[in-house]
Asks: 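I'd like to ask some things about the structure below.
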Amino acid sequence: METLKFALIIGLLLFTKSLFAQTIKLEAGQLEAHQTYMSIEKLMGKQVLRVEKDSTLKAVDEPTYVRIKGLDFQDGVIEVKVLSRLLKTARPSDRGFIGVAFRIDEQHSKFEGIYIRPTNGRADDQVRRNHSIQYFSYPNFKFDRLRKEAPETFESYADMGLNEWITMRIEVKGKEAKLFLNNSKYPVLLVKDLKLGDKASGGIGLWVDVGTEGYFRDLKVIKE
């Protein structure tokens, strides 16, 4: 009897949580391009959002995303399918950078971000593989500073590749964030020290960086 009661409680909690899940339509009227170019296109039979970084912006780990209008997020879950390709103008060092920015302030002056480097996932180099996933915090904690000051803490490995749909699921709570890829049971990245602190909140952006032709679909948000 106690086991049945426990199962019912868990089921009710999961159902209640699902009621607050918001599916975001990636349509032009819902989106604001910031230092990027965007378009709505068809890819593999699906309507998707295409995003490319403004080529005049040379700095990396910048606010280069398409922001969802009217959405304020602090804690909860962000899930989206992403696919990246390399542009014809991509350099040998470009990795197909694509991911999610969250807790973006109104001035685009600070945010948290998690992105992937799909070309690293199957590279014939273990060091590159170890840099497949990246957390960063704009403006003060970009990848290079974090890699220097806290090596291996904010990066990780997972299998991935270019030109394939990858499901990113980011769970955020206070100063912690977890990334799950492709419905994995366990997180592939654990961030225990979000640099903007546990009180930060703000918008959500679909993020790309240099050399990337990025595609997004099936965006869902659960706010807690």
Side-chain angles (χ1 to χ4, degrees), residues 20-87 89-90 94 96-118 134-139 162-172 177 179 181 196 200-224:
F20 295 95
Q22 182 180 4
T23 299
I24 310 296
K25 290 186 177 181
L26 298 180
E27 299 175 342
Q30 297 280 93
L31 308 171
E32 172 197 354
H34 186 75
Q35 300 187 128
T36 56
Y37 311 109
M38 73 172 187
S39 58
I40 306 298
E41 301 184 5
K42 282 276 190 178
L43 181 67
M44 301 178 186
K46 300 282 188 178
Q47 180 171 298
V48 301
L49 171 68
R50 181 186 183 277
V51 184
E52 181 181 335
K53 180 179 178 177
D54 184 340
S55 59
T56 64
L57 183 63
K58 303 304 180 184
V60 300
D61 285 9
E62 291 283 312
T64 51
Y65 44 65
V66 169
R67 183 173 182 157
I68 313 303
K69 292 182 180 179
L71 183 60
D72 185 71
F73 176 87
Q74 182 175 11
D75 292 337
V77 178
I78 305 165
E79 182 174 300
V80 65
K81 287 183 171 60
V82 305
L83 180 150
S84 68
R85 297 170 173 170
L86 293 178
L87 294 167
T89 55
D94 292 340
F97 313 100
I98 191 168
V100 176
F102 55 97
R103 294 180 173 178
I104 307 168
D105 72 346
E106 288 299 319
Q107 295 75 37
H108 301 278
S109 64
K110 56 185 178 180
F111 64 90
E112 309 281 18
I114 295 178
Y115 63 90
I116 57 178
R117 302 181 177 100
Q134 180 76 53
Y135 159 76
F136 77 107
S137 183
Y138 181 83
L162 290 171
N163 202 35
E164 60 186 42
W165 285 111
I166 300 166
T167 301
M168 297 183 67
R169 179 183 174 90
I170 301 172
E171 298 183 358
V172 183
L179 172 66
L181 287 187
L196 297 183
S201 66
I204 292 173
L206 304 176
W207 183 94
V208 298
D209 212 327
V210 61
T212 299
E213 180 181 32
Y215 296 89
F216 301 84
R217 66 178 176 90
D218 299 347
L219 173 61
K220 298 176 184 177
V221 177
I222 300 173
K223 295 196 289 183
E224 294 184 354

Asks: Within the structure provided, determine whether L26 and L31 are in side-chain contact (heavy-atom separation under 4.5 Å).
Replies: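 Result yes, sub-4.5 Å side-chain heavy-atom pair found.
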Asks: Measure across P63 and H34 and return the closest heavy-atom pair with its distance rounded to 0.1 Å.
Replies: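 Heavy atoms of P63 and H34 come nearest at O-CD2, 3.0 Å.
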Asks: Rounded to the nearest 0.5 Å, what separates atom CZ in F102 from atom CG in L196?
Replies: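 Reported value, rounded in 0.5 Å steps: 8.5 Å.
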Asks: Would K53 and T212 count as a side-chain contact (heavy atoms from CB on, under 4.5 Å) here? Give the steps.
Replies: CA-CA 7 Å; K53 180 179 178 177; T212 299; over 6 Å; no
Asks: If we only count heavy atoms from C-beta on, is the Y115 to M168 side-chain gap below 4.5 Å?
Replies: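 In short, these two side chains do not touch, never coming nearer than 4.5 Å.
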Asks: Please tell me if the side chains of R103 and F111 come closer than 4.5 Å, counting only heavy atoms from C-beta onward.
Replies: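 When only atoms from C-beta onward are counted, F111 and R103 do not touch, as no gap falls below 4.5 Å.
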Asks: Show the nearest heavy-atom pair for residues R217 and V80, with the distance to one decimal.
Replies: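 Scanning both residues, the minimum pair turns out to be O-CG2, 3.3 Å.
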Asks: Given side chains that start at C-beta, do those of V77 and E171 come closer than 4.5 Å, heavy atoms only?
Replies: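 Yes, close enough: below the 4.5 Å cut-off.
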Asks: Per the salt bridge (Lys or Arg N to Asp or Glu O under 4.0 Å) rule, what does the pair list look like for residues 54-65, sequence neighbours excluded?
Replies: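 Sorted result for residues 54-65: E62-K142.
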Asks: To the nearest 0.5 Å, what is the distance between CD on Q22 and CZ on F73?
Replies: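 Rounded to the nearest 0.5 Å, the CD-CZ separation comes out at 11.5 Å.
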Asks: List the steps, then state whether salt bridge (Lys or Arg N to Asp or Glu O under 4.0 Å) holds for R67 with E106.
Replies: CA-CA 11 Å; R67 183 173 182 157; E106 288 299 319; 3.6 Å; yes
Asks: Do you know the tightest heavy-atom contact between I114 and A177?
Replies: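 Of all heavy-atom pairs spanning I114 and A177, the closest is CD1-CB, 4.3 Å.
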Asks: Could you tell me which non-hydrogen atom of P118 sits nearest to which non-hydrogen atom of G96, and how far apart they are?
Replies: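 Minimum heavy-atom separation between P118 and G96: CD-O, 3.1 Å.
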Asks: Ignoring hydrogens, what is the shortest heavy-atom contact between A90 and G211? Give both atom names and the distance.
Replies: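 Between these two residues, the closest heavy atoms are CB-O, 3.7 Å.
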Asks: Please report the interatomic distance OG1(T64) to CD(Q35), rounded to the nearest 0.5 Å.
Replies: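 Output value for this atom pair is 7.0 Å.
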Asks: Let me know which of I78, V100, L71, T23 forms a side chain to side chain contact (heavy atoms under 4.5 Å, CB included) with L219.
Replies: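 Exactly one candidate clears the test, I78.
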Asks: Is any side-chain heavy atom of L83 closer than 4.5 Å to a side-chain heavy atom of I166?
Replies: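 A side-chain contact under 4.5 Å is absent here.
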Asks: Mind checking the CD-OG1 spacing from E52 to T36? Nearest 0.5 Å is all I need.
Replies: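 Reported to 0.5 Å precision, the distance equals 9.5 Å.
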Asks: After noting the C-alpha distance and the side-chain angles of I98 and F216, does the key distance pass the side-chain contact (heavy atoms from CB on, under 4.5 Å) rule?
Replies: CA-CA 9 Å; I98 191 168; F216 301 84; 3.5 Å; yes
Asks: Please identify each residue that fulfils side-chain contact (heavy atoms from CB on, under 4.5 Å) with S109, with sequence neighbours left out.
Replies: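 D105, Q107.
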Asks: Where do Q134 and L179 land on the side-chain contact (heavy atoms from CB on, under 4.5 Å) test, with the steps shown first?
Replies: CA-CA 10 Å; Q134 180 76 53; L179 172 66; over 6 Å; no
Asks: Centre-to-centre under 6.0 Å for Y138 and W207, is that the case here?
Replies: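 Between W207 and Y138, which both carry aromatic rings, the centre distance is not below 6.0 Å.
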Asks: Check this for me: K69, atom NZ, are more than 12 non-hydrogen atoms of other residues, nucleotides or ligands nearer than 6.0 Å?
Replies: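 Counting neighbours around NZ of K69, more than 12 heavy atoms of other residues, nucleotides or ligands fall under 6.0 Å, so yes.
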Asks: With a 4.5 Å cut-off on side-chain heavy atoms, are Y65 and L206 touching?
Replies: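 No - every pair of side-chain heavy atoms lies 4.5 Å or more apart.
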Asks: Considering non-hydrogen atoms only, spot the tightest contact between K81 and W165 and give its length.
Replies: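 Heavy-atom minimum between the residues: O-CZ3, 3.6 Å.
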Asks: For the atom pair CD1 (I24) and CG (D218), what is the distance rounded to the nearest 0.5 Å?
Replies: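 If I round to the nearest 0.5 Å, the distance is 12.0 Å.
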Asks: To the nearest 0.5 Å, what is the distance between CD1 (I104) and OG (S201)?
Replies: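 I104 CD1 to S201 OG: 11.5 Å, rounded to 0.5 Å.
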Asks: Could you check whether any side-chain heavy atom of E27 comes within less than 4.5 Å of a side-chain heavy atom of I40, counting everything from C-beta outward?
Replies: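 Sidechains of I40 and E27: no contact.
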Asks: Any sub-3.5 Å donor-acceptor pair from K223's side-chain atoms to D72's backbone N or O?
Replies: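 Side chain of K223 to backbone of D72, a donor-acceptor pair under 3.5 Å: yes, one is there.
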Asks: Is there a side-chain contact between E32 and H108, using heavy atoms and a 4.5 Å cut-off?
Replies: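 Contact flag for E32/H108 side chains = yes.
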